[in-house]
Structure formats: structure tokens, C-alpha cells
Amino acid sequence: MPEGPSIVLLKEAAISFSGKEILSVEGNSKIDMHRFPGKRVESIQSWGKQFLIVCDDFIIRIHFLLFGSYRINERKEQPPRLSLQFENGELNFYACSVKILEGRPEDLFDPEGDVMNDQWNPEKAKSKLEQTPNAEICDALLEQDIFAGVGNIIKNEVLYRVQVHPESLVGKIPPAKLDEIIYEARNYSFQFLEWKRNFELKKHWLCHNQKTCRRCELPFSRKHTGTKNRRSFICVKCQELYV
DNA sequence: TATAATGTTTGAAC
DNA sequence: AGTTCAAACATTAT
């Protein structure tokens with residue numbers, strides 16, 4: 001569920017609740033949800049992996065972490081973390097993090113930092129990368145302050161496609177190659193979106209969860225990389241290591 | 001059945 | 001006081 005494109009799909013699925021009044025709430029979240037009924041949803045937004053239900057003076061922020069899920073107009077067996085009832089249906093969230101953010105989304109989130117956003121700004125990403133030359137690129141891609149919405153699948157697929165080893169140091173990657181990485185972070189995220197929409201995401205994985213590299217037939221090296229220690233699938237022949 | 005996996009926050013330890 | 005890191009959380013497919 002969790003990477004940026006999946007949240008965009010949720011946003012599309014939940015758009016019918018935009019402008020609607022929250023009639024009632026339930027759920028086992030510890031937040032003060034009693035203030036929700038009677039409020040109107042101003043807009044449904046997303047930023048990176050976060051799903052935002054924007055009301056006039058606060059935002060309900062949902063983060064699905066690793067295992068979170070949602071149902072629209074249906075329910076799972078488990079009790080919902082948060083359930084919102086509207087006149088035209090209900091929105092149910094499970095096993096996720098729910099927070100109330102005070103303030104306006106434009107004050108809290110920079111649209112230029114979200115790879116799924118129209119306002120995504122690749123130059124800004126590049127200058128942020130230049131600030132951390134000693135970071136490994138596998139960590140940098142997962143950094144939500146730089147590439148909001150990129151998760152481990154996108155990280156792996158991007159680095160395989162541009163043929164860069166995950167343990168390459170940001171400062172040692174040639175600038176043109178860095179531009180390619182930044183471009184592909186957004187480009188692959190949108191491919192992810194369309195493939196996920198059509199339930200064919202896994203079919204298009206080139207390295208993630210794959211056994212062998214289809215360029216050279218060598219088996220992938222599987223390794224947990226970076227300070228974030230997330231698993232990587234590496235073709236040591238096809239992906240260049242810049243150190 | 002045990003394990004690992006699309007992730008982040010928190011608080012203890014250093 | 002700043003950093004680092006393990007623990008916590010929780011679900012599902014293999």
C-alpha cells in the first residue's frame with residue numbers, strides 16, 4: 001500500500017468525499033475524533049506517502065506505514081483505526097497512523113518535494129542532494145525530505161533502470177547521471193501508478209523480488225544497504241558503483 | 001509455521 | 001545536547 005503512487009490511487013478513489021460533511025466517526029485511534037462530526041472536508045490531498053483529509057482548521061493525516069490498508073464503502077473483519085461516515089458512503093482505515101495536524105497544508109507541505117505532484121521540482125531535489133555528498137544513493141532516494149513518495153520498490157527499480165549501484169555515493173555520481181536518477185524517480189513513479197491501477201505492477205518489476213538480471217542473466221545480489229538498511233537487488237555487472 | 005516485507009516514530013543509550 | 005539505534009507498531013503472502 002504505502003508508496004506515493006498508491007496514495008494517489010486512494011486520493012482518486014476518495015474524491016467523492018471532497019466537499020462532504022463528516023456525519024459521524026468511529027475507530028480505535030487515540031486521536032480526538034469527536035471534533036470531526038459536523039466538519040466539511042475541504043479537499044482530499046496527498047503528499048508523498050501521506051493521505052490528507054483537509055478540513056477548515058485542521059488536517060486528518062493518514063500514514064499507512066508498512067501494513068496499513070483502507071476500504072471505501074466496505075469493511076474488513078478487523079476494527080478500523082478510523083472510520084468516517086458521509087452521506088454518500090464511508091471511508092475506513094486500518095492499521096495505519098492517524099494524526100491531526102493543525103494548520104494549512106500549504107504551510108506544512110512543499111508540493112515541489114513530492115514526486116507525484118505537478119509542481120515537483122527536480123532542480124530542488126538536485127540541490128538537496130548536493131548537500132549530502134557522502135550519503136549513499138539508496139538512502140538519499142528514500143529520504144522523504146528530498147523524494148517524498150519514493151519507497152523501497154521505487155528505489156530499487158529506479159537504480160536498476162539507470163544502472164547505478166545502490167551503494168554509490170551521491171557526491172561521486174556524475175551530474176548527468178544524477179539528473180537521470182532524479183528524472184527516473186518521477187518517471188517510474190508514474191509507471192508504477194498506471195501499472196498498479198491495472199493490477200499489473202509486479203509483472204513489470206525488473207529487479208525487485210527478481211532472481212536474475214534480464215540484461216546479463218547474472219543472479220541479483222540481495223543485500224540490505226545504507227544506513228536505512230533496506231533491501232536492495234543489485235546486478236553487480238550492470239549497475240555501476242561510484243565511490 | 002516462521003519469516004520477511006511497499007515504513008516511520010519514539011525514546012533509551014551513548 | 002546531539003546522534004544513533006533498537007523497539008514498537010501491525011498485516012499478509014510465501
Side-chain angles (χ1 to χ4, degrees), chain A residues 1-13 27-31 46-52 59-72 74-83 92-102 108-109 113-116 131-132 134-161 166 184-211 220-234:
Chain A
M1 179 58 255
E3 302 193 34
S6 301
I7 307 303
V8 170
L9 290 174
L10 164 57
K11 188 168 61 174
E12 292 178 7
N28 57 21
S29 167
K30 284 177 286 186
I31 61 159
S46 65
W47 188 83
K49 301 168 188 172
Q50 305 182 57
F51 179 64
L52 308 175
I59 302 163
I60 307 170
R61 191 221 61 166
I62 310 288
H63 198 303
F64 291 94
L65 301 158
L66 214 46
F67 309 126
S69 60
Y70 65 89
R71 292 291 185 276
I72 296 176
E74 57 182 73
R75 294 208 169 206
K76 300 182 77 171
E77 293 283 318
Q78 296 92 336
R81 173 86 9 105
L82 177 66
S83 172
N92 299 310
F93 301 101
Y94 303 87
C96 55
S97 161
V98 182
K99 266 190 177 177
I100 298 175
L101 307 181
E102 307 294 340
L108 299 172
F109 302 101
D114 177 359
V115 296
M116 300 306 293
Q131 307 302 309
T132 57
N134 297 321
E136 293 178 22
I137 190 62
C138 57
D139 283 329
L141 270 168
L142 291 172
E143 194 51 66
Q144 298 301 295
D145 291 333
I146 306 177
F147 297 100
V150 170
N152 204 40
I153 296 173
I154 296 174
K155 175 204 81 180
N156 282 326
E157 291 293 319
V158 166
L159 291 176
Y160 179 73
R161 281 152 206 259
E184 195 61 23
R186 178 173 163 92
N187 183 56
Y188 175 73
S189 292
F190 276 86
Q191 291 191 331
F192 183 123
L193 172 67
E194 294 311 318
W195 288 329
K196 177 99 182 173
R197 189 199 302 286
N198 296 317
F199 309 102
E200 58 178 17
L201 177 65
K202 295 179 184 183
K203 194 171 82 182
H204 297 279
W205 284 344
L206 298 181
C207 70
H208 199 262
N209 277 359
Q210 305 305 299
K211 291 209 300 270
F220 281 113
S221 160
R222 293 172 172 233
K223 184 182 181 189
H224 285 71
T225 61
T227 62
K228 295 187 190 299
N229 203 32
R230 301 286 243 106
R231 66 181 184 146
S232 292
F233 297 82
I234 310 162

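Every chain is numbered from 1, with letters handed out A, B, ... down the list of sequences.
Side chain of A:S29 to main chain of A:I31: a donor-acceptor pair is present (N/O by atom type, distance under 3.5 Å, no hydrogens or angles). Under a 3.5 Å cut-off, the side chain of A:E3 and the backbone N or O of A:I153 do form a donor-acceptor pair. At least one donor-acceptor pair under 3.5 Å links the side chain of A:E157 to the backbone N or O of A:C207.
Here B:dT8 is the nucleotide among B:dT6, B:dA5, B:dT8 with the atom lying nearest to any side-chain atom of A:H63.
Residue A:K49 is classed as a sugar-phosphate contact, given heavy-atom separations below 4.0 Å to backbone atoms only. Heavy atoms of A:R222 sit nowhere under 4.0 angstrom from any nucleic acid atom. As judged by a 4.0 angstrom heavy-atom cut-off over every strand, A:K155 is placed among residues making no nucleic acid contact.
At least one side-chain heavy atom of A:L193 sits under 4.5 Å from a side-chain heavy atom of A:M116. The shortest side-chain heavy-atom distance between A:I62 and A:Y70 does not fall under the 4.5 Å cut-off.
Whole-Å rounding puts the A:L65 CG to B:dT9 P distance at 8 Å. Distance A:H208 NE2 to B:dA4 P: 15 Å, rounded to the nearest Å. One interatomic measurement links the two molecules: CZ of A:F51 to P of B:dT8, which rounds to 17 Å at whole-angstrom precision. Distance, A:H224 NE2 to B:dA4 P: 8 Å, rounded to whole Å. If you measure from atom CD1 of A:I62 to atom C1' of B:dT6, you get 18 Å, rounded to the nearest angstrom. In this structure, the CD1 atom of A:I153 is 18 Å from the P atom of B:dA4, given to the nearest Å. Rounding to whole angstrom units, CZ of residue A:F67 and C1' of B:dT8 are separated by 12 Å. Following rounding to the nearest Å, A:N209 (CG) and B:dT3 (P) show an atom-to-atom distance of 19 Å.
One P atom belongs to C:dA10, the other to B:dG11, and the distance between them is 16 Å to the nearest Å. Distance check on atom P: B:dA4 versus C:dA7 gives 15 Å, rounded to whole Å.
For A:K99, the side chain to side chain contact (heavy atoms under 4.5 Å, CB included) partners are A:R61, A:L101, not counting sequence neighbours. Not counting sequence neighbours, the partners of A:L65 by the side chain to side chain contact (heavy atoms under 4.5 Å, CB included) test are A:H63, A:S97.
Taking 4.0 Å as the cut-off between side-chain N and carboxylate O, A:R197 and A:E12 count as a salt-bridged pair.
Both A:S97 and A:S6 sit near DNA chain B, but only A:S6 has its closest nucleotide nearer the 5' end. Of the two residues near DNA chain B, A:K99 and A:F64, the one whose nearest nucleotide lies more 5' is A:F64.
In this structure, OG1 in A:T227 is found 7.5 Å from CD in A:E136, a value given to the nearest 0.5 Å.
Contact detail for A:Y94 and A:E74: the closest heavy-atom pair is OH-O, 4.3 Å.
Using a 4.0 Å cut-off, no side-chain N or O of A:R231 falls inside it from OP1 or OP2 of B:dA4.
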Under 3.5 Å, sequence neighbours excluded: what are the donor-acceptor pairs made by side chains of residues 143-152 of chain A?
{"from": "A:E143", "atom 1": "OE1", "to": "A:K228", "atom 2": "NZ", "distance (Å)": "3.3"}
{"from": "A:Q144", "atom 1": "OE1", "to": "A:G149", "atom 2": "N", "distance (Å)": "2.9"}
{"from": "A:Q144", "atom 1": "NE2", "to": "A:L142", "atom 2": "O", "distance (Å)": "3.0"}
{"from": "A:Q144", "atom 1": "NE2", "to": "A:V150", "atom 2": "O", "distance (Å)": "2.9"}
{"from": "A:N152", "atom 1": "OD1", "to": "A:K155", "atom 2": "NZ", "distance (Å)": "2.8"}
{"from": "A:N152", "atom 1": "ND2", "to": "A:R231", "atom 2": "O", "distance (Å)": "3.1"}

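For DNA chain C, the contact window with chain A, defined by any atom under 4.0 Å from a protein heavy atom, covers C:dA10 to C:dT12 in 5' to 3' order.
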- Whenever both distances are under 3.5 Å in a Watson-Crick or G-U wobble pair, mark it; put DNA chain C into dot-bracket that way, with [ ] for crossing pairs and | when the partner is on another strand. .||||||||.||||
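In this structure, the ring of A:Y160 has its center less than 6.0 angstrom from the ring center of A:F220.
Heavy-atom distances under 4.0 Å link DNA chain B to A:Q144 of residues 138-148 of chain A, given in residue order.
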